[in-house]
Amino acid sequence: MDEDLHAAARDAMQNAYVPYSEYPVGAALRGADGNVYAGTNIEFANYSNTLHAEGVAVAKAVSAGVREFEELVVVSAAGDGVTPCGRCRQTLREFCDEDFPVFCVGEETTEYTLGELLPDGMGPETLGK
């Protein structure tokens, strides 16, 4: 796990807007361009419009024109080794292959591949792209 990504994820987590769940999460994604794109969760009263840290990081990168990624680090204030939710896993699959590394930081850091977290996920190739 890249320590710069870990630090960026922790820093992003400090900016979480989580008045309802009180469950801050931070994520940091290294783009193939070498830059770090960090995100945090942003909750809304209706919950369904809530933005997840991983999705925010992807959106920042894609908005900057980056479409290829090297790795992702996810942290929570609870230190529970939180993994990306299903929606975030599918978002990552749009841009990342099944061997993409995802590091989930808790008392210990666990490394997963996106394929382990999302077996048989839909990617661009599913639609012939």
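Nothing fancy with the numbering, it's 1 onward along the sequence.
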Asker: For D120, is the CG atom crowded, meaning more than 12 foreign heavy atoms sit under 6.0 Å from it?
Answerer: no

Asker: Taking all non-hydrogen atoms of both residues into account, name the closest pair between R87 and S48 and its distance.
Answerer: NH1-O, 4.3 Å

Asker: Could you grab the distance from atom CG of D2 to atom CZ of R30, nearest 0.5 Å is fine?
Answerer: 4.0 Å

Asker: Between E43 (side chain only) and Y20 (backbone N and O only), is there a donor and an acceptor less than 3.5 Å apart?
Answerer: yes

Asker: So how far is it from H6 NE2 to T109 OG1, rounded to the nearest 0.5 Å?
Answerer: 6.0 Å

Asker: Would you check if the side chain of R89 reaches a backbone N or O of P84 as a donor-acceptor pair within less than 3.5 Å?
Answerer: yes

Asker: For a quick test of reading the model, state the closest non-hydrogen atom pair linking G39 to A57 and the distance between them.
Answerer: N-CB, 3.8 Å

Asker: Scan the side chains in residues 99-106 for donor-acceptor partners under 3.5 Å anywhere in the protein, sequence neighbours excluded, and list what turns up.
Answerer:
none

Asker: For a quick test of reading the model, state the closest non-hydrogen atom pair linking A61 to F69 and the distance between them.
Answerer: CB-CE2, 3.3 Å

Asker: Quick check against the 3.5 Å criterion: does N41 have a side-chain atom that pairs as donor or acceptor with the backbone of V18?
Answerer: no

Asker: From N49 CG over to I42 CD1, what is the distance, rounded to the nearest 0.5 angstrom?
Answerer: 12.0 Å

Asker: So if you build clusters from Ile, Leu, Val, Met, Phe, Trp, Tyr with side-chain heavy-atom gaps below 4.5 Å, do V66 and L92 land together?
Answerer: yes

Asker: Among the clusters formed by ILVMFWY side chains lying less than 4.5 Å apart, do V74 and Y23 turn up in the same one?
Answerer: yes

Asker: Are more than 12 heavy atoms, taken from residues, nucleotides or ligands other than E68, located less than 6.0 Å from that residue's CD atom?
Answerer: no

Asker: Between atom NZ of K60 and atom CG of N35, what is the distance when rounded to the nearest 0.5 Å?
Answerer: 12.0 Å

Asker: Is there a path from L114 to L72 through hydrophobic residues (I, L, V, M, F, W, Y) whose side chains come within less than 4.5 Å of each other?
Answerer: yes

Asker: Specify the closest pair of heavy atoms between F44 and L51, including all atoms of both residues, with the distance to one decimal.
Answerer: CE1-CG, 4.1 Å

Asker: Which heavy atom of A9 sits nearest to which heavy atom of A28, and what is that distance?
Answerer: N-CB, 3.7 Å

Asker: According to a hydrophobic-cluster definition based on side-chain heavy atoms being under 4.5 Å apart (Ile, Leu, Val, Met, Phe, Trp, Tyr only), do V58 and V25 belong together?
Answerer: yes

Asker: Can you tell me how far the CD atom of E116 sits from the CG atom of L118, to the nearest 0.5 Å?
Answerer: 11.5 Å

Asker: Please check if V62 and L5 belong to a single hydrophobic cluster, counting links between Ile, Leu, Val, Met, Phe, Trp and Tyr side chain heavy atoms closer than 4.5 Å.
Answerer: no

Asker: Please give me the minimum heavy-atom distance between C85 and H52, naming the atom from each residue.
Answerer: SG-ND1, 3.2 Å

Asker: Between Q90 (side chain) and M122 (backbone), is there a donor-acceptor pair under 3.5 Å?
Answerer: yes

Asker: Counting only heavy atoms from other residues, nucleotides and ligands, does the tally under 6.0 Å from CD of E108 exceed 12?
Answerer: no

Asker: Roughly how far, to the nearest 0.5 Å, is the CZ atom of R10 from the OG atom of S76?
Answerer: 13.0 Å

